[in-house]
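A short write-up of the structure that comes next.
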Amino acid sequence: MPELPEIEVLRRSLEPHLPGDRIVRVEVRNRELREPVAVRALVRLAGRAILSLRRRAKYLLIDLEGGRTLVVHLGMSGRLTLAPGALPPEPHEHVALHLASGRKLRLRDPRRFGLVLALPTAGLERDPHFARLGAEPLDPDFGGSTLARAAAGRRGPVKSFLMDAGVVVGVGNIYASETLFRAGVHPLRSVGRISAARWDRLAAAAVAVLRQAIAEGGTTLNDFADGQGRSGEFQVSLAAYGRQGEPCPRCGHLIRRLVQAGRSTFYCPHCQR
DNA sequence: CGGGCGGCCTGGAGGC
DNA sequence: TGCCTCCAGGCCGCCC
């Protein structure tokens, strides 16, 4: 479910509540995630204070004292929420961090594509999960030339390119469709046939879409919620994603759906060339 | 070697 | 109501 905006919304929703609190007990209820939960590494986090919350790509990073970072990835269906510690576990609750404040931070993930890791804070970027990640689209130096440089010598459709985390992180299926719509670029256009001006438009569109989605609390199609359980609103602002058969908000032609690399892509056949 | 596809899971929606 | 099929926001690994 969650792409960059949803993880950033989650991070911001937890930011006022977690730093300064302390993990008193780690409860692993179900180890089955994308990688089996490393129970002993997690249990060793008990007793540590929470220092800060960061985000890299679609990973939430919870920095703890003693040089450890708890890494959480929500996969498709993960939810990380704060709850009273005495609340009974919800279905598919995999991990709960019981906090000194009496609350618990719990991870629920029905489809089990998510991930929880305890890693050393130093050198995190060299961990295999992070080592090959590309540019952060919200970094100030991200722009059309970032994309153009990454595209040099590559082939294939621009939509798959935008979703390649080795190029630019955080853009998943929803925001790739929305970025292409805003930039007026057809999803099947080959990356070898995109001008510098078009790369600039694509980069600017990606940044604008991601920023607006964050401002509107993320996209809740089914089950995204922030750390307080609040849904997002950006689904109302989606121009193309999920709107096949509806009129394009710009020109009125009907939005179409096509399948690329096994994923649905939504576009306007008139605005996107 | 890079690109594309299947597979991993469960649940919800829609058709019959 | 119930059963069946299809589809879903991510990511990895295998295949060509």
Side-chain angles (χ1 to χ4, degrees), chain A residues 1-10 29-37 55-60 71-80 90-94 107-117 127-134 137 150-181 187-193 206 209-210 213-214 216-226 231-245 257-266:
Chain A
M1 100 176 56
E3 305 180 30
L4 183 150
E6 288 72 39
I7 305 307
E8 183 59 25
V9 166
L10 172 67
R29 305 186 52 83
N30 182 348
R31 301 185 60 202
E32 303 301 312
L33 287 174
R34 195 169 96 214
E35 298 169 23
V37 175
R55 180 191 56 74
R56 170 69 170 125
K58 297 170 187 166
Y59 294 89
L60 180 70
V71 176
V72 179
H73 192 290
L74 298 186
M76 291 275 252
S77 60
R79 224 192 243 228
L80 189 69
E90 52 189 350
H92 306 289
E93 187 172 309
H94 287 251
L107 175 68
R108 178 197 116 169
D109 186 1
R111 287 176 72 183
R112 303 189 209 158
F113 293 156
L115 192 59
V116 179
L117 305 166
D127 180 88
H129 295 90
F130 299 96
R132 288 187 306 278
L133 293 177
R154 290 185 52 143
R155 299 174 300 111
V158 62
K159 198 243 186 177
S160 312
F161 178 79
L162 289 176
M163 288 179 65
D164 184 341
V167 174
V168 55
V169 300
V171 180
N173 206 34
I174 293 178
Y175 297 110
S177 276
E178 293 299 305
T179 294
L180 290 163
F181 175 83
L188 292 177
R189 177 173 282 269
S190 167
V191 293
R193 295 181 46 247
V209 164
L210 297 171
I214 292 168
E216 295 181 16
T219 301
T220 299
L221 292 183
N222 207 1
D223 50 8
F224 169 70
D226 71 11
S231 296
E233 301 294 340
F234 190 72
Q235 63 278 7
V236 176
S237 303
L238 293 171
Y241 184 88
R243 300 208 184 276
Q244 76 273 27
R257 171 181 182 266
L258 64 83
V259 176
Q260 260 180 295
R263 320 293 303 275
S264 292
T265 301
F266 302 88

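Chain letters run A, B, ... following the sequence lines, proteins first, then strands; residues in each count from 1.
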Inset, instruction - Using side chain to side chain contact (heavy atoms under 4.5 Å, CB included) as the criterion, point out the one residue from A:Val168, A:Thr179, A:Thr265, A:Asn173 that pairs with A:Met163. - result: A:Asn173
Legend entry - Distance, rounded to the nearest Å, where A:Phe224 contributes CZ and B:dG12 contributes P: 18 Å
Inset, instruction - Test side chain to side chain contact (heavy atoms under 4.5 Å, CB included) on A:Leu4 and A:Arg55 and set out the steps. - result: CA-CA 9 Å; A:Leu4 183 150; A:Arg55 180 191 56 74; 3.3 Å; yes
Inset, instruction - Report which part of the nucleic acid A:Arg108 touches: base, sugar-phosphate, or nothing (heavy-atom distance under 4.0 Å, all strands). - result: nothing
Inset, instruction - Grab the CG-P distance between A:Leu33 and B:dC8 for me, whole Å please. - result: 17 Å
Legend entry - Minimum heavy-atom distance A:Phe224-A:Val9, with the two atoms named: CZ-CG1, 4.1 Å
Legend entry - B:dT10 OP1/OP2 closer than 4.0 Å to side-chain N/O of A:His92: no
Inset, instruction - Hunt down the Watson-Crick or G-U wobble partner of B:dC9, both distances under 3.5 Å, from any strand shown, or write none. - result: none
Inset, instruction - May I have the distance from A:Asp223 (atom CG) to C:dA8 (atom P), rounded to whole angstrom? - result: 14 Å
Inset, instruction - Would you mind telling me which of A:Glu35, A:Arg56, A:His73 makes a side-chain hydrogen bond (donor to acceptor under 3.5 Å, both in side chains) with A:His129? - result: A:Glu35
Legend entry - Which nucleotide in B:dC9, C:dA8, C:dG9 has an atom nearest any side-chain atom of A:Ser264: C:dA8
Legend entry - Length of the CZ-C1' vector between A:Phe130 and C:dC12, whole Å: 16 Å
Legend entry - d(CZ, A:Arg34; C1', C:dC12) in whole Å: 8 Å
Inset, instruction - Indicate whether OP1 or OP2 belonging to C:dG9 is found under 4.0 Å from a side-chain N or O atom of A:Lys58. - result: no
Inset, instruction - Among B:dG4, B:dT10, C:dG10, find the nucleotide with the atom closest to the side chain of A:Pro110. - result: B:dT10
Inset, instruction - For A:Pro157, answer base if it contacts any base atom (sugar-phosphate contacts may also be present), sugar-phosphate if it contacts only those atoms, and nothing otherwise; contact means non-hydrogen atoms under 4.0 Å. - result: sugar-phosphate
Inset, instruction - State the pairing partner of C:dG9; accept Watson-Crick or G-U wobble contacts with both distances under 3.5 Å, and report none otherwise. - result: none
Legend entry - Of the listed nucleotides B:dG3, B:dG4, C:dG9, the one nearest the side chain of A:Ala261: B:dG4
Inset, instruction - Establish, with yes or no, whether the OP1 or OP2 oxygen of C:dA8 is under 4.0 angstrom from a side-chain nitrogen or oxygen of A:Ser77. - result: no
Inset, instruction - Determine the interplanar angle of the A:Tyr241 and A:Phe266 rings, folded into 0 to 90°, and report it as parallel if under 30°, tilted if 30 to 60°, perpendicular if over 60°. - result: perpendicular
Legend entry - Atom P, compared across C:dC3 and B:dC9: separation rounded to whole Å: 24 Å
Inset, instruction - To the nearest Å, give me how far apart CZ (A:Arg112) and P (B:dG11) are. - result: 9 Å
Inset, instruction - Answer yes or no: side-chain N or O of A:Arg111 and base N or O of C:dA8 forming a donor-acceptor pair under 3.5 Å. - result: yes
Inset, instruction - Provide, to the nearest angstrom, the distance between the CZ atom belonging to A:Arg132 and the P atom belonging to C:dC12. - result: 7 Å
Legend entry - Heavy atoms of other groups near A:Arg31 CZ, more than 12 under 6.0 Å: yes
Inset, instruction - On DNA chain B, check which nucleotide each of A:Phe113 and A:Asp164 is closest to and give me the residue with the more 5' one. - result: A:Asp164
Inset, instruction - Using a 4.0 Å heavy-atom cut-off across all strands, classify A:Tyr175 as base, sugar-phosphate, or nothing. - result: nothing
Legend entry - Distance below 4.0 Å between A:Arg155 side-chain N/O and B:dG2 OP1 or OP2: no
Legend entry - Gap between atoms CG and C1', on A:Asn222 and B:dG11 respectively (whole Å): 8 Å
